[in-house]
Structure formats: structure tokens, C-alpha cells
Amino acid sequence: MIRLGILGSGSGSNMQAILDAIAAGTLAAEISLVLSDLPEAYILERAARADIPNAHIDCHGFKSKFPDEAQLQVAHDLKEAGVELVCLAGFMRLLRAPLLDHFPGRIINIHPSLLPDFPGLYAWTQALEAGATESGCTVHYVDSGMDTGPIIAQAAVPVLPDDSPETLHARIQIQEHRIYPEAIAEATRRLAEDSD
Ligand code: GRF
């Protein structure tokens with residue numbers, strides 16, 4: 001039973017999908033700690049409702065930067081909670097060495113495009129603007145780049161002619177909720193193999 005830490009800045013629908021997979025018995029894991037850089041993010045409320053320890057990350061007033069002290073604090077809190085695998089789920093700040101170095105090969109992210117296409121913000125809008133006929137989602141290991149790092153799982157969806165950013169993102173999210181728990185199981189298997 002792997003202990004997960006979740007970092008998010010938004011609604012937390014991916015965290016919910018992970019919780020649902022755990023409840024359904026398809027993912028052998030528990031969520032030990034949920035952290036958000038936005039105190040009002042719904043992901044924290046979801047965590048509280050599910051009785052999962054949760055907290056706000058103090059980013060010292062920086063709008064998008066993730067200051068080193070905050071990253072060290074997060075690393076400390078995750079370690080103290082016994083977290084073995086860190087899952088970014090809509091977390092909007094870039095991680096760097098202070099946090100990455102504490103969890104080598106143990107931080108994964110979900111991104112709403114078929115990477116390496118459309119990294120960065122509003123990937124579904126980027127796909128529409130580029131006239132792509134297909135997009136999707138990717139789970140990958142996190143390094144210090146923007147949505148770079150080795151890919152664990154991907155799922156494709158069609159881009160339809162009358163899609164708005166909202167309809168395309170909603171179609172992608174259905175696949176996110178399916179592949180994220182599966183990719184966590186895969187990352188867990190790899191960690192177990194590495195420690196054999
Ligand atoms: C997802 O589309 C994810 O791919 C992106 O941010 C969104 C988070 O959604 N990184 P939620 O908070 O899990 O609902």
C-alpha cells in the first residue's frame with residue numbers, strides 16, 4: 001500500500017479519481033497528505049471531506065514562483081507524512097531542486113495534452129488553436145523542465161470541429177481520471193522492482 005502525497009491548485013477532480021480507484025480496490029494506495037498553494041482551492045475541501053490531512057503551502061506572496069523555502073517545507077511535510085510517491089494534480093508551480101532532490105524518481109504529473117505537444121498552460125486551448133485533430137493527456141515523471149520528463153502513460157481523444165476549450169478539456173479529463181490511477185499503479189510497480 002503506497003503512501004501518496006498530492007499537490008494541486010484547482011478543483012481536485014484527479015485526486016477524486018485516485019480516491020475512487022482506492023475505494024474500488026483497483027489501486028493499492030492511500031493518500032497521506034494533500035497540499036495546495038491556493039488556500040481556497042477546492043482540492044483542499046475535497047481532502048477535508050475525505051478526512052485526509054491537508055494544508056496550504058505558503059509561497060510568501062509570490063504569484064507563480066515556488067520559493068526554495070516553500071519547496072523545502074513541502075519536502076519536509078511530505079517526508080513527515082511518510083509519503084513515498086508525490087502526485088501533482090493540477091499544481092501550477094514549477095518544482096526545482098529543493099523538492100525534486102528529496103524524491104528522486106518519485107514525483108509524477110498529469111498534463112492535458114499528448115506530450116511533447118503543447119506543454120505549459122491551457123494545453124487544450126493550444127491544441128484547438130494549432131488545429132490539432134487529436135489531443136489527450138500524459139502522465140510523466142517530473143524534472144525541472146515544464147512538462148518534460150519520461151512518460152509513463154498517455155491517452156488520446158479526438159478534437160471535434162465544434163469543440164470549445166471547455167468541451168475539449170472535459171473530454172480530456174475523462175481520460176485523465178482513468179489513466180492517472182493506472183499510472184500510479186505502474187510507478188508503484190517500478191519502485192518495488194527498483195528496490196528488489
Ligand atoms: C488537469 O487538466 C490536469 O491535467 C492539469 O490541471 C487540471 C487539474 O484538474 N495539470 P483537477 O484539479 O484535477 O480537476
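Values reported hereafter were calculated over all heavy atoms of this structure, with side chains retained and with hydrogens, waters and symmetry mates removed. Starting from 1, each residue takes its place in the sequence as its number.
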Are side-chain heavy atoms of [X] and [Y] found at a separation under 4.5 Å?
| X | Y | result |
| --- | --- | --- |
| Glu134 | Leu114 | yes |
| Tyr122 | Pro165 | no |
| His60 | Asp58 | yes |
| Leu4 | Glu30 | no |
| Pro158 | Arg171 | yes |
| Ile110 | Phe91 | no |
| Cys87 | Leu7 | no |
| Met92 | Leu121 | yes |

Spacing of [X] atom [atom1] and [Y] atom [atom2] [to the nearest 0.5 Å]:
| X | Y | atom1 | atom2 | answer |
| --- | --- | --- | --- | --- |
| Ile6 | Leu33 | CD1 | CG | 9.5 Å |
| Leu85 | Ile2 | CG | CD1 | 5.0 Å |
| Ile18 | Asn14 | CD1 | CG | 6.5 Å |
| Asp162 | Leu168 | CG | CG | 11.0 Å |
| Ile22 | Met1 | CD1 | CE | 8.0 Å |
| Asp101 | Leu95 | CG | CG | 11.0 Å |

For Arg46, give me all partners under salt bridge (Lys or Arg N to Asp or Glu O under 4.0 Å), at least two apart in sequence or on another chain.
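None.
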
Contacts of type salt bridge (Lys or Arg N to Asp or Glu O under 4.0 Å), residue Glu186, not counting sequence neighbours:
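Per chain and number, Glu186 pairs via salt bridge (Lys or Arg N to Asp or Glu O under 4.0 Å) with Arg189, Arg190.
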
Shortest non-hydrogen contact from [X] to [Y]?
| X | Y | answer |
| --- | --- | --- |
| Arg49 | Tyr42 | NH1-OH, 3.4 Å |
| Pro112 | Glu176 | CB-OE2, 3.4 Å |
| Pro98 | Ala75 | O-CB, 4.3 Å |
| Ala183 | Ala153 | CB-CB, 4.1 Å |
| Asn54 | Ala47 | CB-CB, 3.8 Å |
| Ala123 | Phe118 | CB-O, 3.4 Å |

With a 4.5 Å cut-off on side-chain heavy-atom distances among I, L, V, M, F, W and Y, is there a chain of contacts connecting [X] to [Y]?
| X | Y | result |
| --- | --- | --- |
| Ile108 | Ile151 | no |
| Ile31 | Leu78 | no |
| Leu100 | Leu72 | no |
| Leu27 | Leu191 | yes |
| Val83 | Leu44 | no |

Quiz question: by atom type and distance under 3.5 Å, do the side chains of [X] and [Y] form a donor-acceptor pair?
| X | Y | value |
| --- | --- | --- |
| Ser13 | His177 | yes |
| Gln126 | Glu129 | no |
| His111 | Ser113 | yes |

Side chain to side chain contact (heavy atoms under 4.5 Å, CB included), that's the test. Do Leu35 and Val74 meet it? Break it down for me.
CA-CA 8 Å; Leu35 297 172; Val74 166; 3.9 Å; yes

Main-chain N/O of [Y] paired with [X] side-chain donor or acceptor, under 3.5 Å:
| X | Y | answer |
| --- | --- | --- |
| His56 | Asp37 | yes |
| Ser36 | Gly8 | yes |
| Arg96 | Pro67 | no |
| Arg93 | Lys65 | yes |
| Asn109 | His140 | no |
| Lys79 | His102 | yes |
| Gln154 | Leu115 | yes |
| Thr167 | Asp163 | no |

Step-by-step side chain to side chain contact (heavy atoms under 4.5 Å, CB included) determination, Ile43 to Val34
CA-CA 8 Å; Ile43 192 170; Val34 175; 4.0 Å; yes

Using the rule given for side chain to side chain contact (heavy atoms under 4.5 Å, CB included), can you reason through Ser135 versus Ile172, listing the C-alpha separation, both sets of side-chain angles and the distance that settles it, and then say yes or no?
CA-CA 8 Å; Ser135 191; Ile172 291 170; 4.1 Å; yes

Could you tell me if the ring centre of Tyr141 sits under 6.0 Å from that of Phe103?
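Centroid distance Tyr141-Phe103: not below 6.0 Å, so no.
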
For the pair Val159 and Trp124, evaluate side chain to side chain contact (heavy atoms under 4.5 Å, CB included) and give the outcome as yes or no after the intermediate values.
CA-CA 9 Å; Val159 179; Trp124 55 91; over 6 Å; no

